[in-house]
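Okay, so here's the structure we're looking at.
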Number of protein chains: 2
Amino acid sequence: MAQSDTVDRILDAAEELFADRGFSETSLRMITSKAKVNLAAVNYHFGSKNALIHAVFARFLTPFSATLETAFDDLEARCEGQPPTLNQTLWALTESAVRMPQRNEKGISIFMRLLGLAYTQSQGHLRKFLEQEYSQPFSRFMRLLKEATPQLSAVDRYWRIQFMLGATAFTMSSSDALRDILQNKLGVETTVQEIAARLVPFLAAGMQAEDAVLMPSLKEAPVA
Amino acid sequence: MAQSDTVDRILDAAEELFADRGFSETSLRMITSKAKVNLAAVNYHFGSKNALIHAVFARFLTPFSATLETAFDDLEARCEGQPPTLNQTLWALTESAVRMPQRNEKGISIFMRLLGLAYTQSQGHLRKFLEQEYSQPFSRFMRLLKEATPQLSAVDRYWRIQFMLGATAFTMSSSDALRDILQNKLGVETTVQEIAARLVPFLAAGMQAEDAVLMPSLKEAPVA
DNA sequence: AGGTGCCTCAAACGTATGTTTCAAACAGAC
DNA sequence: GTCTGTTTGAAACATACGTTTGAGGCACCT
């Protein structure tokens, strides 16, 4: 075997198991036995379980954020000073994700689920790690979003970004299960690319929705 | 003390801790010590930790699904045969949630987070429990959605419902953290009602977006 | 007073977890 | 071949978990 292919085997097994079962619910013994590796190897190579979790994210996120930066560079160059539209920005992100070299057939969806879990499970260390490690492309995406939706108030934009993130993370995170259901119910096959193609228009439309009206309950029952 | 106020103290503590930290990350010892109750009381009154989780959901969900049913009844009666609009349907759901009698100041948001966790954490027993216990109002909501969006193909509708579910579950599931961020960044206070008031227009707009176009990467770079 | 159910308590049980240890195996340099 | 630093191996460690136990308390009934 190549020099310490143990490390990669651990990362592969951990990535898949974390995505399937969450972080706390995945033990080191599950990981090492799936990876066919000795238990102590994890602590030897990574130091701790938390550090392993960080490494799983870093292996995907570091090349991805580089890809994303150049995609944004291209986009801004093509727009010559004018701010890119919302659709363009969302597509730049989506295509960067979809075009990432994929380790196996499950591809991007595993990682989408991991990102969803990172936000959902209250693993303080993970959020802190992600925020301080990948703040640059994140901030840039936020800036592009802001320039593409100047009509929104900061608060509206903030919440709608959360809604976008939620729709994306949730859908992608369970896309395997959802695809199966769709297959059984309607007999339709679906790829991650097609899901993305459906998701982006949904997100763009929601992002550009009319301003929220007052809640009907505060006045009368809603009509029409 | 009143007859077994222990049960309620356990439920209160469990509800809050589960919402804060997730199910696996919350131990019975945390719950019983927060509730100022003996450790064995959980297994005595509920039988197991999983059964306690179910009880936490049932305490909220059972009255809620009753409220929701009457809300749907009212809505359909008001529409006199015509199918309710998408906005009406979403508002009926939202208002039913918001109007639930709240046990404490944190109110509905704790429970929204629990529902999000239920979908996110891969606790098989929980999803099974929720699906077979509350399938009726769920199916009814789905039927209303279908009648409110006749222009969508079944596949489009299916995916967009997942997007809605994701935006809702994800946002609500981390709404405390998000509110804190918003508080610190922009100095704005936000109630769950206000989040819901922002969420519904976003969802409705996304649900009714124009049909998805082909993915730009399949042809040329996106312009305008 | 005595007895009966329901409940609480402290302690223990068995198991699973993350981590550590230390000897053995291995690779490459001399 | 021998030495050196790195990696693997089986076993143990300490801790935390969910659950069970059995003795005790308390209220209520006859």
Side-chain angles (χ1 to χ4, degrees), chain A residues 1-59 114 117-118 121-126 128-129, chain B residues 1-59 114 117-118 121-126 128-129:
Chain A
M1 347 188 136
Q3 36 111 23
S4 204
D5 121 298
T6 301
V7 169
D8 287 313
R9 296 241 299 285
I10 292 175
L11 285 174
D12 287 340
E15 183 177 284
E16 203 162 331
L17 284 171
F18 285 153
D20 275 358
R21 331 175 16 96
F23 303 107
S24 310
E25 294 83 356
T26 303
S27 71
L28 292 185
R29 284 166 176 83
M30 294 178 198
I31 294 171
T32 55
S33 85
K34 180 186 179 93
K36 292 186 174 52
V37 150
N38 188 273
L39 170 62
V42 169
N43 285 281
Y44 174 78
H45 286 288
F46 298 95
S48 71
K49 183 180 179 181
N50 278 352
L52 169 62
I53 296 177
H54 294 175
V56 167
F57 277 86
R59 183 171 65 152
L114 288 183
L117 288 179
Q121 308 216 163
S122 58
Q123 305 258 8
H125 69 98
L126 226 185
K128 218 165 288 176
F129 168 77
Chain B
M1 352 185 135
Q3 35 112 21
S4 204
D5 120 298
T6 301
V7 169
D8 288 312
R9 296 241 299 284
I10 292 175
L11 285 174
D12 288 339
E15 184 177 282
E16 202 163 332
L17 285 171
F18 286 152
D20 276 357
R21 332 174 17 98
F23 303 108
S24 309
E25 295 82 356
T26 302
S27 72
L28 292 185
R29 286 169 175 82
M30 292 178 197
I31 294 171
T32 53
S33 85
K34 179 185 177 92
K36 291 188 174 55
V37 150
N38 186 273
L39 170 62
V42 170
N43 285 280
Y44 175 78
H45 286 287
F46 298 95
S48 70
K49 183 181 179 180
N50 278 352
L52 169 62
I53 297 177
H54 294 175
V56 168
F57 276 86
R59 183 169 66 151
L114 288 182
L117 288 178
Q121 309 217 163
S122 58
Q123 305 258 5
H125 69 97
L126 226 183
K128 217 165 291 176
F129 169 78

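We use all heavy atoms of the structure for the numbers below, so side chains are in, but hydrogens, waters and symmetry mates are not. Within every chain, numbering begins at 1; the chains are lettered A, B, ... in the order of the sequence lines, protein sequences first and strands thereafter.
With hydrogens and angles ignored, the 3.5 Å screen pairs no side-chain donor or acceptor of B:K36 with any backbone N or O of B:R9.
Atoms CG (A:D5) and C1' (C:dC26) sit 15 Å apart, rounded to a whole Å. Between the CD atom of A:E25 and the C1' atom of C:dA16 there is a distance of 14 Å, rounded to whole Å. In this structure, A:R29 atom CZ and C:dA16 atom C1' are separated by 7 Å, rounded to whole Å. Protein atom CG of A:N38 is 12 Å distant from nucleotide atom C1' of C:dT20, rounded to whole Å. A straight line from CG of A:L39 to P of C:dG18 spans 9 Å, rounded to a whole angstrom. Atom CG of B:L28 is separated from atom P of D:dG18 by 4 Å (rounded to the nearest Å). Whole-Å rounding puts the B:N43 CG to C:dG14 C1' distance at 14 Å. In this structure, the OH atom of B:Y44 is 16 Å from the P atom of D:dC26, given to the nearest Å.
Distances shorter than 4.0 Å separate some side-chain N or O of B:H45 from OP1 or OP2 on C:dT8. Contact annotation: A:S27 does not reach the phosphate of C:dA16 (side-chain N/O to OP1 or OP2, under 4.0 Å). OP1 or OP2 of C:dT8 sits under 4.0 Å from a side-chain N or O of B:T6.
Nucleic acid contact for B:T26: sugar-phosphate only, since backbone atoms but no base atoms lie under 4.0 Å from a heavy atom of the residue. Note on A:A41: nothing from the nucleic acid sits closer than 4.0 angstrom, heavy atoms only.
In this pair, A:H54 and A:F129 present their aromatic rings parallel. The plane angle is below 30°, not in the 30 to 60° band.
In this structure, A:D8 CG and A:E15 CD are separated by 11.0 Å, a value rounded to the nearest 0.5 Å. Summarising the geometry, atom OG1 belonging to B:T26 is positioned 11.0 Å from atom CD belonging to B:E16; distances are rounded to the nearest 0.5 Å.
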